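Scroll down for the structure; my scribbles are underneath it.
Computed from a prediction, not measured in an experiment: that's the story for all the values here. Start at 1 with the first residue, then count along the sequence.
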Amino acid sequence: MSAYKKLRDEGLQLHPDAFDADIESERARPPESYLGRLGLSETLGGSFLLGAWIEKELVGMIGLERQSLQKLRHSAELNSMMVSPRHTGRGIGLMLVNTAITEARRSIGLEQIMLRVSTSSESAIRLYERAGFQACGVLPHAIKLVDAPGQVRYFDKLTMVLIL
């Protein structure tokens with residue numbers, strides 16, 4: 001889990017608009033605190049973390065988290081998508097998304113995958129579209145970053161869905 005935490009912290013630092021969590025809070029978390037994201041207790045599938053490795057380095061990751069409420073169990077959220085900047089442009093992101101979709105299709109009763117992506121992340125949006133996701137709405141001012149007193153930036157989030 002330490003490789004996951006290292007890559008996640010890098011993503012939070014480089015792309016604060018892409019993650020709901022903030023680097024200050026996440027940096028303090030121990031690697032073991034992410035074990036629940038492995039989905040080991042999800043008997044029907046649909047919750048997992050996947051990683052892309054080059055030799056002994058984790059260079060990409062993606063997570064899927066199945067909804068826990070009974071009325072929402074047919075749905076999962078794609079999250080924690082990150083490819084190390086040193087390894088972008090090699091198809092790793094698309095491979096991760098496609099592998100996550102394949103694994104999701106093996107889950108019992110899972111019918112759709114949703115995700116939220118910053119509208120400013122045009123390359124990520126194109127990647128998700130290539131994988132079959134379709135836009136279904138925009139949440140304005142979804143992310144609020146306070147850079148300094150009186151210096152605030154907002155980022156809109158595009159919601160996308162893939163029907164399995």
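To the nearest 0.5 Å, atoms CG (Leu115) and CG (Leu64) are separated by 10.0 Å. Arg8 CZ to Arg29 CZ: the interatomic distance, rounded to the nearest 0.5 Å, is 6.5 Å. Between atom CD of residue Glu26 and atom CD of residue Glu24 there is a gap of 10.5 Å, rounded to the nearest 0.5 Å. Atom CE of Met61 is separated from atom CD of Glu10 by 9.0 Å, given to the nearest 0.5 angstrom. In this structure, Ile125 CD1 and Phe133 CZ are separated by 13.0 Å, a value rounded to the nearest 0.5 Å. Considering NE2 of His74 and OG of Ser107, their distance stands at 14.0 Å, rounded to 0.5 Å.
Annotation for Glu65: atom CD does not count as buried by contact number, only 12 or fewer foreign heavy atoms lying within 6.0 Å. A 6.0 Å sphere centred on CD of Gln134 holds no more than 12 heavy atoms belonging to other residues, nucleotides or ligands.
Shortest non-hydrogen contact noted between Asp17 and Ile143 is O-CG1, 3.8 Å. Looking at every heavy atom in both residues, Val117 comes nearest to Ser121 through CG2-CB, 4.1 Å. Listed here is the closest heavy atom pair of Leu162 and Ala131: CD1-O, 4.3 Å. Here the shortest heavy-atom pairing between Ala100 and Leu78 reads CB-CD1, 4.0 Å. Across all their heavy atoms, Ile92 and Val83 have their closest contact at CG2-CG2, 4.0 Å. The two atoms that bring Gln13 and Pro16 nearest to each other are O-CD, 3.8 Å, heavy atoms only.
With Lys157 contributing its side chain and Gly137 its backbone, the two residues share no donor-acceptor pair below 3.5 Å. Side-chain atoms of Ser118 never come within 3.5 Å of backbone atoms of Phe155 as a donor-acceptor pair (strictly under, hydrogens ignored). Checked by atom type and distance alone, the side chain of Arg66 pairs as donor or acceptor with a backbone atom of Arg73 at under 3.5 Å.
Ion pair Arg126/Glu129 not flagged as a salt bridge, since none of the NZ, NE, NH1 or NH2 atoms sits closer than 4.0 Å to an Asp/Glu carboxylate oxygen.
The side-chain heavy atoms of Ile23 and Asp9, taken from C-beta on, include a pair separated by under 4.5 Å. Proximity of Arg90 to Ile54: side-chain heavy atoms (C-beta onward) are separated by under 4.5 Å at one or more points.
Residues Leu139 and Phe19 fall into different hydrophobic clusters, defined by Ile, Leu, Val, Met, Phe, Trp and Tyr side chains chained together at heavy-atom separations under 4.5 Å. Leu96 and Leu14 end up in different hydrophobic clusters when Ile, Leu, Val, Met, Phe, Trp and Tyr side chains are linked at under 4.5 Å. One hydrophobic cluster holds both Ile62 and Leu164 under the rule that ILVMFWY side chains link at heavy-atom gaps under 4.5 Å.
Each of Asp156, Thr159, Asp20 was compared with Arg116 under the side-chain hydrogen bond (donor to acceptor under 3.5 Å, both in side chains) criterion, and only Asp20 meets it.
Sorted by first and then second residue, the side-chain hydrogen bond (donor to acceptor under 3.5 Å, both in side chains) pairs with a member in residues 137-153 read Asp147-Arg153; sequence neighbours excluded.
Hydrophobic cluster membership for Ile163: Met114, Val161 (Ile, Leu, Val, Met, Phe, Trp, Tyr linked by side-chain heavy atoms under 4.5 Å, directly or transitively).
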